Amino acid sequence: MTQRQFPLDLRQSAGSGPEPLDDGALILRGHASSHAADMIAQIRRMARQSPFRRMTTPGGGSMSVAMTCCGLRGWCSDAHGYRYEERDPLTGQPWPAMPEGWRQMAVAAAAMAGYEGFAPDSCLINGYRVGARMGLHQDRDERADAPVVSLSFGLPAIFLWGGLLRTDPLRRIPLLHGDVVVWGGTTRLAFHGIAPLRKGDHPLTGPCRYNLTFRRTA
DNA sequence: CAGTATCA
DNA sequence: TCAC
């Protein structure tokens, strides 16, 4: 069975152009919404191969967000620390391949933010249920000379966007279904997080939110 | 915000 | 410590 490809059209929703977030960071409102149903179906298919799981942090805590990955390497956390693994520790098998359409979408989004030649080799898939959150952190486990591209699907969330210091002031930015965020350059290591997901019901995802983040790990 | 918990 |  051939995998469905989708065309590379990061359509702008009516009237909204790129929205600057910070130096080297921007938000593309609704640009992924036209492919949302397909991508959500792919996420669910992928999760049958590499299931969503809640990882443990080095300190022993359990993350409220459920995760799985696709691509050449997947982000993993356990008591020993954070790292990228070429195989899913849960199955011992390689992660599902990154769909070509996903890759193209991430590359196009990065280019719109000024990052030409983005070559993502990993996509972290976060599943938020009501109440799930992501504490303030930096993405430091992959190449910082490549941007991070983030797609949001399903329930809205409040994106916490800070600076290079944990103590820098935070902005609270709503991220809605189909929104794309790109950050790199001087803000690549900015602290960020997600406020506890508020209850709701989305026609495509029900009571949850999916977030895909594309990175270059090697 | 300090103390604590703790996977495979 | 990407938790609580």
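Just the heavy atoms: all of them, side chains too, but no hydrogens, waters or symmetry mates, feed the values below. In the text below, chain A, chain B and the rest are named by the order of the sequence lines, each starting its count at 1. All of these numbers come straight from a predicted model, not from anything done at the bench.
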Next item on the list: Taking only the side-chain heavy atoms of Ala79(A) (C-beta and beyond), determine which of dT1(C), dA3(C), dC7(B) contains the nearest atom.
Entry: dC7(B)

Next item on the list: Considering only NZ, NE, NH1 and NH2 on the basic side and carboxylate oxygens on the acidic side, decide whether Asp121(A) and Arg103(A) come within less than 4.0 Å.
Entry: no

Note to self: Heavy atoms from C-beta onward define the side chain here; which of dT1(C), dA8(B), dC4(C) lies closest to that of His80(A)?
What the structure shows: dA8(B)

Next item on the list: Please report, rounded to the nearest Å, how far the C1' atom of dC7(B) is from the CE atom of Met63(A).
Entry: 14 Å

Notebook entry, point to check: How long is the line joining CZ of Arg83(A) and C1' of dA8(B), in whole Å?
Noted result: 10 Å

Next item on the list: Send over the distance from Arg54(A) CZ to dT6(B) C1', rounded to a whole Å.
Entry: 15 Å

Margin query: Does this structure show an ion pair linking Arg29(A) with Glu19(A), if we count only N-O contacts that are shorter than 4.0 Å?
Written below: yes

Next item on the list: Report the distance from atom CD1 of Ile194(A) to atom P of dA3(C), rounded to the nearest whole Å.
Entry: 12 Å

Next item on the list: Calculate the interatomic distance between Arg166(A) atom CZ and dT1(C) atom P; express it in whole Å.
Entry: 9 Å

Next item on the list: Answer with base, sugar-phosphate or nothing: what part of the nucleic acid does Ser62(A) contact at a heavy-atom distance below 4.0 Å?
Entry: sugar-phosphate

Checklist line | Arg209(A) to Tyr128(A), cation-pi by 6.0 Å centre distance and 45° axis angle | finding: yes

Check: Does the ring centre of His35(A) sit less than 6.0 Å away from the ring centre of Trp102(A)?
Finding: no

Item checked: Closest listed nucleotide, where the reference is the side chain of Thr56(A) and the choices are dT1(C), dC4(C), dC7(B) -> dC7(B)

Checklist line | Whole-Å gap separating C1' (dA3(C)) and CG (Asp78(A)) | finding: 15 Å

Notebook entry, point to check: Any idea which heavy atoms bring Leu197(A) and Pro207(A) closest together, and the distance?
Noted result: CD2-O, 4.4 Å

Notebook entry, point to check: Could you spell out the base pairing of DNA chain B in dot-bracket, with Watson-Crick or G-U pairs whose two distances are under 3.5 Å, [ ] crossing and | to another strand?
Noted result: ..|||...

Notebook entry, point to check: Rounded to the Å, how far apart are Met67(A) CE and dC7(B) C1'?
Noted result: 15 Å

Next item on the list: For Asp141(A), report the nucleic acid contact type (base, sugar-phosphate, nothing); a contact means any heavy atom under 4.0 Å.
Entry: base

Notebook entry, point to check: Taking NZ, NE, NH1 and NH2 as the nitrogens, is one of them in Arg83(A) or Asp78(A) under 4.0 Å from a carboxylate oxygen of the other?
Noted result: yes

Notebook entry, point to check: His137(A) has an atom NE2; how far is it from atom C1' of dC4(C), in whole Å?
Noted result: 17 Å

Margin query: Check Arg188(A) with Glu142(A), please: is the shortest side-chain N to carboxylate O separation under 4.0 Å?
Written below: yes

